[in-house]
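Counting begins at 1 with the first residue of the sequence. These numbers were taken from a predicted model, which means no experiment stands behind them.
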Amino acid sequence: MTVRTRIAPSPTGDPHVGTAFIALFNLCFARQHNGQFLLRIEDTDQARSTKESEQAIFDSLRWLGLEWDEGPDVGGSHGPYRQSERKDIYKKYADELIEKGHAFRCYRTPEELDTLREARRAAGGFAALKPSELKLSDEEAAKREAEGMPYVVRMVVPEGTGPCPVDDMLRGTIELDWGQVDAQVLLKSDGLPTYHLANVVDDHLMNITHVIRGEEWINSAPKHKLLYEYFGWDMPVLCHLPLLRNPDKSKLSKRKNPTSIWYYQRMGYLPEALLNYLGRMGWSMPDEREKFALHEMMAEFDINRVSLGGPIFDAEKLNWLNGLWIRENFTPKQLAGRLHNWALNEENLMKVLPHAQTRMNTLSDFMPLVAFLASGQLPLTTADFEPLKSEAEEQKRILQFALWRLEALRNWERDDIFNEVKALADAMEIKMKDFLAPLFIAIAGTTSSFSVFDSMTLLGPDMSRARLRQALTVVAGELGKKQIKKLEKEYAALN
């Protein structure tokens with residue numbers, strides 16, 4: 001048997017370090033067994049998936065030094081490798097499940113589903129909806145079908161409670177309760193599959209032998225196990241890796257830790273060091289050394305050395321490790337080459353000079369004017385925001401609302417950034433000059449810099465958003481759940 005593993009990210013945002021973490025362990029496991037590693041794009045969320053995000057996945061993983069044997073951009077004998085191009089395949093298998101009585105067409109409206117869930121909550125116990133609750137009478141189903149009402153395809157699951165054992169490479173046998181397993185939607189009303197159907201069908205047809213994924217998918221394992229049984233297929237070996245954690249043990253999130261791979265590239269981290277750091281997340285070399293290259297990890301890799309305790313993504317530890325790589329692995333000439341490729345090249349210089357030139361009297365004026373563009377996080381304090389006309393509470397709302405608006409912006413061009421910010425300022429009924437002041441501080445550290453829209457364009461989306469998050473923390477501290485919910489309601493009222 002040839003070992004085959006895969007990574008299956010969704011192209012719906014910035015490339016996540018968690019994706020790189022899972023990809024790294026899948027690659028190392030495949031190489032340890034002289035096997036193959038695939039990349040598959042799960043783009044069934046047509047509203048949020050973009051070609052730009054897909055390309056960012058390819059580019060960021062390759063920047064880290066990760067390669068795959070099959071995928072959308074390299075081809076292979078098991079394609080297509082984009083789920084959006086496999087729609088007919090999923091329909092065929094969904095129809096097969098319906099014919100065998102393992103799935104059914106569900107014509108329930110959103111309002112009916114809300115009522116059923118509310119009744120479940122009122123009764124206590126598990127909230128999962130079962131087929132007996134969702135199925136309509138034959139007459140009513142035929143009536144809705146004749147009326148052309150939309151439907152989804154749901155899987156049949158056990159009605160009662162009881163243990164569902166799931167075998168895991170790291171955790172042994174995990175027992176989950178069937179009572180928590182709902183009649184999962186397999187095919188959406190647009191004809192595209194959910195993760196669950198597509199995942200099982202693709203893994204089978206692509207001959208995946210080992211599914212190495214994050215532990216957030218453990219609760220979905222009974223559904224997948226059931227689908228394999230319904231189809232009469234052998235289930236791949238499951239291995240659920242621990243989630244990356246913030247220092248406070250919460251799940252790694254961009255609110256508390258930058259999660260975009262491009263943020264770390266823009267900060268000036270070396271790809272070798274970042275990959276090294278991800279390799280240390282819950283795993284260790286046999287000799288316990290902390291600094292190692294990808295080829296060394298592959299040579300020594302043993303998945304049984306993975307620790308189930310949630311590994312902490314600690315920026316200070318990453319800084320230390322990155323420093324080791326800079327000092328120990330590069331001659332001054334080699335380091336000069338890395339600096340040139342990172343930021344100090346003619347292409348970047350030509351982007352910056354038009355904004356700096358009009359403010360320069362001497363060449364020595366250049367570096368102070370643009371230093372913020374080649375910096376990481378700025379050393380901001382509350383004192384930086386005190387001279388502004390707006391009060392701290394309004395600054396908090398401006399920074400948070402601008403962050404939410406710009407997190408949703410996929411086309412990072414100056415005019416698009418301006419239009420989003422201008423529309424937000426108008427909706428909040430704040431003069432543009434006053435609205436932009438805290439953004440200037442967040443992005444450049446001063447209100448006397450050149451256009452904040454040009455600055456954000458030059459910095460790029462990852463660093464710009466990271467600086468807005470940092471400024472928000474300086475102004476408002478760590479926002480609690482109640483504060484966030486209140487701000488979300490205010491923000492929703494503006495749109």
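Phe385 is linked by a ring pair (Phe, Tyr, Trp, His ring centres under 6.0 Å) to nothing, counting only residues two or more places apart in sequence or in another chain. Partners of His240 according to the ring pair (Phe, Tyr, Trp, His ring centres under 6.0 Å) rule, which considers only residues two or more places apart in sequence or in another chain, do not exist here. Scored by the ring pair (Phe, Tyr, Trp, His ring centres under 6.0 Å) test, Tyr93 finds Phe231, Trp233 as partners (sequence neighbours excluded). Partners of Asn411 under the side-chain contact (heavy atoms from CB on, under 4.5 Å) rule, at least two apart in sequence or in another chain, are Glu413, Asp416. Listed by chain and residue number, nothing satisfies the side-chain contact (heavy atoms from CB on, under 4.5 Å) test with Ala408 (two or more places apart in sequence, or in another chain). Listed by chain and residue number, Phe25 satisfy the ring pair (Phe, Tyr, Trp, His ring centres under 6.0 Å) test with Phe21 (two or more places apart in sequence, or in another chain). Take Lys225 and apply the salt bridge (charged side-chain N to carboxylate O under 4.0 Å, His left out) test, not counting sequence neighbours, and it matches no residue.
The aromatic rings of Phe401 and Trp404 sit parallel, their planes meeting at an angle under 30°, below the 60° perpendicular limit. Classification of the Phe292-Trp283 ring pair by plane angle, with boundaries at 30° and 60°, yields perpendicular.
Residue Lys188 qualifies as enclosed at atom NZ: its count of foreign heavy atoms under 6.0 Å is above 12. Heavy atoms of other residues, nucleotides or ligands lying less than 6.0 angstrom from CG of Asp287 number more than 12. No more than 12 heavy atoms of other residues, nucleotides or ligands shown are found within 6.0 angstrom of CG on Asp88. Residue-environment remark: CD (Glu328) exceeds the threshold of 12 foreign heavy atoms within 6.0 Å.
At a threshold of 4.0 Å, the pair Lys291-Glu296 does not count as salt-bridged, since none of the basic side-chain nitrogens sits closer than that to a carboxylate oxygen. Ion pair Arg48/Asp45 flagged as a salt bridge, since at least one NZ, NE, NH1 or NH2 atom sits closer than 4.0 Å to an Asp/Glu carboxylate oxygen. Note on Lys485 versus Glu488: no salt bridge recorded, every NZ/NE/NH1/NH2 to OD/OE distance being 4.0 Å or above. The existence of a salt bridge linking Asp73 and Arg62 is confirmed by a sub-4.0 Å separation between a basic side-chain nitrogen and an acidic carboxylate oxygen. Ion pairing of Arg82 with Glu54 is present here, as a side-chain N (NZ or NE/NH1/NH2) and a carboxylate O approach within less than 4.0 Å. Salt bridge present: Asp203 and Arg40 bring a charged side-chain N and a carboxylate O closer than 4.0 Å. Of the charged side-chain nitrogens involved, none lies within less than 4.0 Å of a carboxylate oxygen, so that Glu215 and Lys251 do not count as a salt-bridged pair.
Under the 6.0 Å cut-off for aromatic ring centres, Tyr228 and His224 do not qualify, their centroids lying 6.0 Å or more apart. Aromatic rings of Phe313 and Tyr264 (six-membered ring for Trp) have centroids within the 6.0 Å cut-off, being under it. In this structure, Phe37 has its ring center no closer than 6.0 Å to that of Trp68.
Listed by first and then second residue, the ring-ring contact (aromatic ring centres under 6.0 Å, His included) pairs involving residues 457-482 amount to none (not counting sequence neighbours). Listed by first then second residue, pairs satisfying side-chain hydrogen bond (donor to acceptor under 3.5 Å, both in side chains) with a partner in residues 307-327 read Tyr269-Asn319, Asn276-Trp325, Glu290-Lys317, not counting sequence neighbours. Applying the side-chain hydrogen bond (donor to acceptor under 3.5 Å, both in side chains) test to residues at least two apart or on different chains, the pairs with a partner in residues 17-32 are Arg31-Asp69.
A pairwise comparison of heavy atoms in Phe372 and Ala444 identifies CD1-CA, 3.7 Å as the closest pair. Here the closest non-hydrogen pair linking Ser464 and Leu459 is OG-CB, 3.6 Å. Here the closest heavy-atom approach between residue Lys130 and residue Pro158 is recorded as NZ-O, 3.0 Å. Shown here for Cys28 and Leu294, the closest heavy-atom pair between the two residues is SG-CD1, 4.3 Å.
For the residue pair Thr50 and Ser53, a side-chain donor N or O sits within less than 3.5 Å of a side-chain acceptor on the partner. There is a side-chain donor-acceptor pair under 3.5 Å between Asn199 and Arg6. At a cut-off of 3.5 Å, with distance as the only test, a side-chain donor of Thr173 or Asp167 sits close to an acceptor on the other residue.
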| query | Please walk me through it: do Ser284 and Arg305 pass side chain to side chain donor-acceptor pair (under 3.5 Å)? | reply | CA-CA 7 Å; Ser284 60; Arg305 291 187 63 82; 2.9 Å; yes
| said: Using the rule given for side-chain contact (heavy atoms from CB on, under 4.5 Å), can you reason through Val17 versus Leu252, listing the C-alpha separation, both sets of side-chain angles and the distance that settles it, and then say yes or no? | reply: CA-CA 10 Å; Val17 290; Leu252 187 67; 3.6 Å; yes
| Can Gln184 and Val157 be said to form a side-chain contact (heavy atoms from CB on, under 4.5 Å), step by step? | CA-CA 8 Å; Gln184 175 67 50; Val157 297; 5.9 Å; no
| request: Before giving the answer on salt bridge (charged side-chain N to carboxylate O under 4.0 Å, His left out), spell out for Arg338 and Glu272 the whole-Å C-alpha distance, their side-chain angles and the decisive distance to 0.1 Å. | output: CA-CA 12 Å; Arg338 288 297 182 101; Glu272 300 95 331; 2.5 Å; yes
| task | List the steps and the verdict of side-chain contact (heavy atoms from CB on, under 4.5 Å) for Leu64 and Ile261. | result | CA-CA 9 Å; Leu64 284 168; Ile261 297 171; 4.1 Å; yes
| task | Given side chain to side chain donor-acceptor pair (under 3.5 Å), test Tyr81 with Asp202 step by step and report yes or no. | result | CA-CA 9 Å; Tyr81 296 92; Asp202 287 349; over 6 Å; no
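Using a distance-only test at 3.5 Å, with no hydrogens or angles considered, no donor-acceptor pair links the side chain of Asp182 to the main chain of Leu129. The main-chain N or O of Ser84 is found under 3.5 Å from a side-chain atom of Asp43 such that the two form a donor-acceptor pair. The backbone N or O of Ala30 sits nowhere less than 3.5 Å from a side-chain atom of Thr5 that would complete a donor-acceptor pair. Between the side chain of Gln334 and the main chain of Thr331, a donor-acceptor pair closer than 3.5 Å is present. Checked by atom type and distance alone, the side chain of Arg467 pairs as donor or acceptor with a backbone atom of Ile443 at under 3.5 Å. Between the side chain of Arg4 and the backbone N or O of Thr209 there is no donor-acceptor pair closer than 3.5 Å. A donor-acceptor pair under 3.5 Å is absent between the side-chain atoms of Asn246 and the main chain of Lys249, judged by distance alone. The backbone N or O of Thr381 lies less than 3.5 Å from a partner atom in the side chain of Asp384, making a donor-acceptor pair.
In this structure, CH2 on Trp342 lies 11.0 Å from CG on Leu270, to the nearest 0.5 angstrom.
Residues Leu39 and Phe58 form a side-chain contact, since some pair of their non-hydrogen atoms from C-beta on lies under 4.5 Å apart. Using a 4.5 Å heavy-atom threshold, the side chains of Arg213 and Leu238 count as touching.
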Do any side-chain atoms of residues 9-16 form donor-acceptor pairs under 3.5 angstrom with protein atoms, and if so which ones, sequence neighbours left out?
| residue | atom | partner | partner atom | Å |
| --- | --- | --- | --- | --- |
| Ser10 | OG | Glu42 | O | 3.3 |
| Asp14 | OD1 | Arg410 | NH2 | 3.3 |
| Asp14 | OD1 | Arg465 | NH1 | 3.4 |
| Asp14 | OD2 | Arg465 | NH1 | 2.9 |
| His16 | ND1 | Gly18 | N | 2.7 |

Donor-acceptor contacts under 3.5 Å from residues 472-481 side chains, at least two apart:
| residue | atom | partner | partner atom | Å |
| --- | --- | --- | --- | --- |
| Thr473 | OG1 | Arg469 | O | 3.1 |

